[in-house]
Amino acid sequence: MIAPATLVLTTAVAGCGDDNDAAADSGTVTIYSGRTQNLIEPIFDRFAEETGISVEVRYGDSADLALLIDEEGDQSPADVFLSQSPGSVGFLDQKGMLASLPDDVLGLVAEGFHAGDGSWVGFTGRKRVLAFNPELTEESELPTTVLDLVKPEWKGRIAVAPSNGSFQDFVTAMRFKLGDDATAKWLKGIADNDAFTFANNGAIVAAIGRGEVEVGLVNHYYVYQALAEDPEFAAINHNFAVDDIGSVVIVTGASMLKSSDGQEQGVELIRFLLQEEAQRYFSDQTFEYPLAAGVEPAGVLPDVELGGSAEDIELDQLGGDLQSTREMIRDAGLEG
Amino acid sequence: MTQASRADRAPLPLRGLAVAIAVVFATPVAYVLWRVLTLEAAFSDVMHESMGPLWRTMQLAVIVSVATGVVGTGLAWLLVRTDIPFARVLRLLAPLPLVFPSFVGAAAFIAGLGPDGAIRGVLSVFGLDVPARFRGLGASCFVLTAFTYPYVYLPVAARLAGLPPSIEESARLLGDRPSRFFFRVVLSAIRSSVLGGMLIALLYSLSEFGAVQLLGFDTLTRVVYATRLLDRAQSFAAATLLLILAILAVSIERRMRGSLRHSAQPGLRVKAPVSLGRWRAPALFALFVVLLVSLVAPIASLAQWAWRGIDRASSPASALGDQLADLGAPLWSTTWLGVISAAATVLVVLPAALLAARYRSRLAPAVTGAVLGGFAVPGLVIALSLAFWALNVPFFDRFYQTTPLLIAAYVIHFGAQAMRSTEVAVATVPRHVRESARLLGASPARRARTVELPLMRPGLVAGGGLVLLSTIKELPATLLLAPIGLQTLTTRVWTAFEDGFLAEAGLASIVLVIASGTLTWLLVLRRVDHLG
């Protein structure tokens with residue numbers, strides 16, 4: 001019984017040692033990343049190489065990390081929080097835990113892609129699409145607007161992920177564009193069409209590929225990832241019309257904590273995420289839309305109205321009103 | 001008489017230690033209640049909305065508990081007490097389904113039963129057709145039972161391994177048929193282990209998230225997760241309901257099992273297996289079906305994913321080599337974290353078990369209840385509560401996001417799994433044996449080493465084994481509380497899975513299963529006679 005106790009002590013001591021070493025030269029930036037390691041680590045490595053700032057990352061689910069930061073309060077080790085969805089940054093913003101980012105960083109993206117108060121900046125965009133299995137459904141059959149999915153011919157054919165953040169963000173966007181009444185009616189129509197509910201986008205795309213369900217509302221890049229792993233994967237993205245609410249772009253957000261004592265390094269990191277190299281990586285490797293001005297999306301990505309959506313939708317409010325969105329989804333009978 | 005009652009009273013240091021243990025284990029509960037009280041929600045609204053999930057949770061928990069009781073006990077008796085063929089190999093395989101992280105197990109089943117899935121393929125060879133959609137209560141019960149029956153199997157097998165053969169023999173001499181004496185004699189001797197295991201399976205079903213989420217079954221734990229950011233009052237209210245269910249379950253089990261002190265007997269004599277006779281073939285078939293469903297089928301799905309990825313690489317062998325090399329560090333951290341946590345957990349619950357099994361103490365139910373209750377709290381809530389306490393209690397902040405705190409989280413979350421086994425183990429040492437050792441003048445340390453520990457070993461090792469397997473696959477607390485940069489096999493599986501890299505997820509899961517199997521054999525099965 002002595003051996004394990006010793007082991008615990010030595011690892012604890014080793015842990016402290018690491019911290020001291022790291023703080024030596026250009027400083028350290030501690031990141032809580034809702035984006036998984038596979039989809040961002042090369043960029044962190046490049047940042048460390050370029051700036052000499054060492055990077056420490058805790059990976060996890062965006063919502064869980066936001067809750068952890070809230071629990072940690074002023075003592076949070078995190079300098080930067082990267083969220084996969086507006087909901088989690090919105091949560092921390094409402095609690096007043098986020099610092100304002102400098103104007104030159106915010107200015108790297110178009111007006112609609114950062115918070116009005118500067119508390120976060122979008123660094124990639126994800127477009128909503130309708131994924132479908134070409135062996136089960138003809139593309140010509142698919143509608144140009146997401147609103148048509150409530151028509152009777154779609155009964156028992158659609159998959160949605162009502163408890164997933166991306167679907168909730170999309171519904172919130174719909175509320176801003178079409179109003180609560182129209183949105184509630186649409187949700188009810190989807191529920192009445194016996195939509196299948198799944199846990200998340202990945203599960204929907206997998207089920208479409210297996211032929212378990214015909215079409216599903218998801219973020220655009222899941223199909224590309226599935227195809228990268230398995231070229232015979234039986235799913236394709238269908239794009240609604242460019243100006244349709246079904247094609248809305250949801251951003252992933254970078255933010256810095258007020259409690260951070262490494263704000264300088266934090267800003268450096270966020271700026272780096274919006275430089276061409278990182279933006280190109282997100283476009284080419286993870287198939288997302290670059291948001292920084294001057295970086296073109298990868299060729300495989302369909303056109304989006306990156307500037308246009310901002311006119312109608314206050315993207316930075318997406319985070320604030322998610323609770324009523326959730327209630328509307330539940331009241332329509334879509335949860336479960 | 002007076003002497004007996006004095007001996008029944010627990011010594012003060014033990015009582016003090018037990019109270020300290022209860023306090024530590026109650027920290028997540030205190031956190032949940034604190035949040036419920038400070039979040040100020042209209043409690044009646046919140047409760048009203050939780051009624052559906054509450055009912056579904058109760059259905060799931062009761063069905064899974066009963067099913068694991070039947071499957072786990074049946075397997076344990078067949079493999080430990082009878083002349084079933086291939087017993088050695090099967091005993092190695094039987095505890096393994098516990099190693100699948102539930103989200104992996106559920107996804108493997110969903111994919112395996114899909115149109116071109118591995119499981120569907122095998123079934124169709126036998127002319128069996130199954131529905132392509134695998135969701136809801138039935139699917140959730142099926143998956144949870146398949147992956148959690150070892151909660152019953154391991155402690156019951158350990159208990160059976162320690163029973164004297166005379167139990168079955170005397171019943172047989174009295175003319176009972178095998179089935180009759182199983183129910184009459186064996187079952188009454190192992191009742192406390194069976195009920196303890198069923199309780200753990202039940203508590204597990206309460207707090208399970210990964211599988212029910214994928215299978216679309218809306219339980220209280222799913223409410224805890226779905227509302228965690230947007231409606232925290234609702235989230236903590238659902239967690240409170242889970243705690244109430246846990247307290248109910250623990251008290252019911254306590255009533256049902258009766259006193260431990262009279263049911264337990266040591267096993268010191270040579271064992272002769274029960275002959276199954278013409279039941280050998282059907283029994284073997286049933287065993288194979290259980291292992292096919294809970295071990296072979298999910299592994300086939302995982303292997304299919306892994307194979308698709310490797311097969312497509314330009315040089316499959318080196319791609320496989322690279323990926324495996326990449327899993328080396330996570331494999332090592334998974335191993336030592338699991339082993340230390342298992343040992344620490346058994347050590348920590350031992351005083352509580354001593355108090356509960358050896359002394360007449362009104363304190364004991366509260367202490368064991370606190371330990372058991374921790375298992376009904378979802379891992380995410382355990383992690384958040386430890387963050388809360390570590391950062392708000394002076395001195396402890398230095399441990400925040402260090403290995404000791406992570407291990408503390410594992411101990412608190414999984415202490416329940418070692419609790420009942422340890423109680424039974426402690427009760428296994430009969431008082432007359434302890435008394436004679438004492439009268440012969442052996443020191444307490446010597447008595448513990450030469451008399452008590454050898455007798456308690458099967459139970460302690462089985463309890464530790466359950467904790468080991470659970471720690472290996474733990475996800476939410478590991479993600480939030482581990483020192484930055486520490487990866488386990490399960491966090492790797494999760495990362496790959498989250499991004500839809502099924503090939504990588506499949507390979508890492510298979511490494512996880514092999515590692516858990518090896519560790520279980522080395523550390524658990526080999527150390528208990530007639531278990532490995």
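Computed over heavy atoms, backbone and side chain alike; hydrogens, waters and symmetry mates excluded. Below, chains carry the letters A, B, ... as their sequence lines are ordered, and counting in each starts from 1. Predicted model only: the values in this text are computed from it and were never measured.
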Results of side chain to side chain contact (heavy atoms under 4.5 Å, CB included) for Ala390(B) - residues two or more places apart only: Tyr400(B), Leu405(B)

Does any backbone or side-chain atom of Asn201(A) lie under 4.5 Å from a heavy atom of chain B? Answer side chain, backbone, both or neither. neither

Can you say whether Leu502(B) sits under 4.5 Å from chain A via the side chain, the backbone, both, or neither, judging by heavy atoms? both

Does the side chain of Phe198(A) reach to within under 4.5 Å of the side chain of Gln213(B), using non-hydrogen atoms? no

Can a salt bridge be assigned to the pair Asp218(B) and Arg330(A) using a cut-off of 4.0 Å between side-chain N and carboxylate O? no

Given Glu71(A) and Trp389(B), is the side-chain contact (heavy atoms from CB on, under 4.5 Å) satisfied, shown in steps? CA-CA 10 Å; Glu71(A) 240 17 290; Trp389(B) 292 114; over 6 Å; no

Given side-chain contact (heavy atoms from CB on, under 4.5 Å), test Arg232(B) with Asp70(A) step by step and report yes or no. CA-CA 12 Å; Arg232(B) 302 194 75 198; Asp70(A) 178 42; 2.8 Å; yes

Please check: side-chain N/O of Arg228(B) versus main-chain N/O of Ala63(A), any donor-acceptor pairing under 3.5 Å? no

Do Glu504(B) and Asn38(A) come within less than 4.5 Å of each other through their side chains, counting heavy atoms only? yes

Tell me yes or no: between the side chains of Tyr59(A) and Glu498(B), is some donor less than 3.5 Å from an acceptor? no

Proximity breakdown for Leu380(B) and chain A, heavy-atom pairs closer than 4.5 Å: side chain

Between Gly485(B), Pro53(B), Gly52(B), Ala482(B), who has the most heavy-atom pairs with chain A when the cutoff is under 4.5 Å? Ala482(B)

Part of Ala226(A) lying under 4.5 Å from any heavy atom of chain B: neither

Please report the C-alpha distance between Arg210(A) and Ile110(B) in whole Å, then the side-chain angles of each, then the deciding distance to 0.1 Å, and finally whether the side-chain contact (heavy atoms from CB on, under 4.5 Å) criterion is met. CA-CA 10 Å; Arg210(A) 291 193 299 264; Ile110(B) 293 173; 3.1 Å; yes

Engaged part of Tyr221(A) at the chain B interface, taking heavy atoms whose separation is under 4.5 Å: neither

If you count heavy atoms of other groups shown closer than 6.0 angstrom to OH of Tyr224(A), is the number above 12? yes

Test side-chain contact (heavy atoms from CB on, under 4.5 Å) applied to Thr36(A) and Trp494(B), step by step: CA-CA 9 Å; Thr36(A) 55; Trp494(B) 173 78; 4.2 Å; yes

Flag if over 12 foreign heavy atoms under 6.0 Å of CG, Asp261(A): no

Between Leu480(B), Val212(B), Asn392(B), Val339(B), who has the most heavy-atom pairs with chain A when the cutoff is under 4.5 Å? Leu480(B)

Short question: side chain of Gln75(A), backbone of Leu391(B) - any donor-acceptor pair under 3.5 Å? yes

By side chain to side chain donor-acceptor pair (under 3.5 Å) - contacts of Gln225(A) (at least two apart): none

Side-chain touch Leu230(B)/Thr325(A), heavy atoms, less than 4.5 angstrom: no

Using modelled atom types only, decide if a donor and an acceptor are shared between the side chain of Arg58(A) and the backbone of Leu479(B) within a distance under 3.5 Å. yes

dist Gln401(B):CD -> Glu56(A):CD (nearest 0.5 Å) comes out at 10.0 Å

Could you tell me if the side chain of Ile484(B) sits less than 4.5 Å from the side chain of Val57(A), heavy atoms only? no

With only heavy atoms counted, which part of Phe103(B) is less than 4.5 Å from chain A, the side chain, the backbone, both or neither? neither

Closer than 3.5 angstrom, by distance alone: can the side chain of Arg135(B) be matched with the main-chain N or O of Phe196(A) as a donor-acceptor pair? no

Just verifying a value: how many Å separate Arg222(B) CZ and Ser163(A) OG, rounded to the nearest 0.5 Å? 5.0 Å

Side chain proximity check, Leu229(B) to Leu67(A), heavy atoms < 4.5 angstrom: yes

Looking at chain A, which one of Tyr225(B), Phe497(B), Tyr31(B) has the largest number of heavy-atom pairs inside 4.5 Å, strictly under? Tyr31(B)

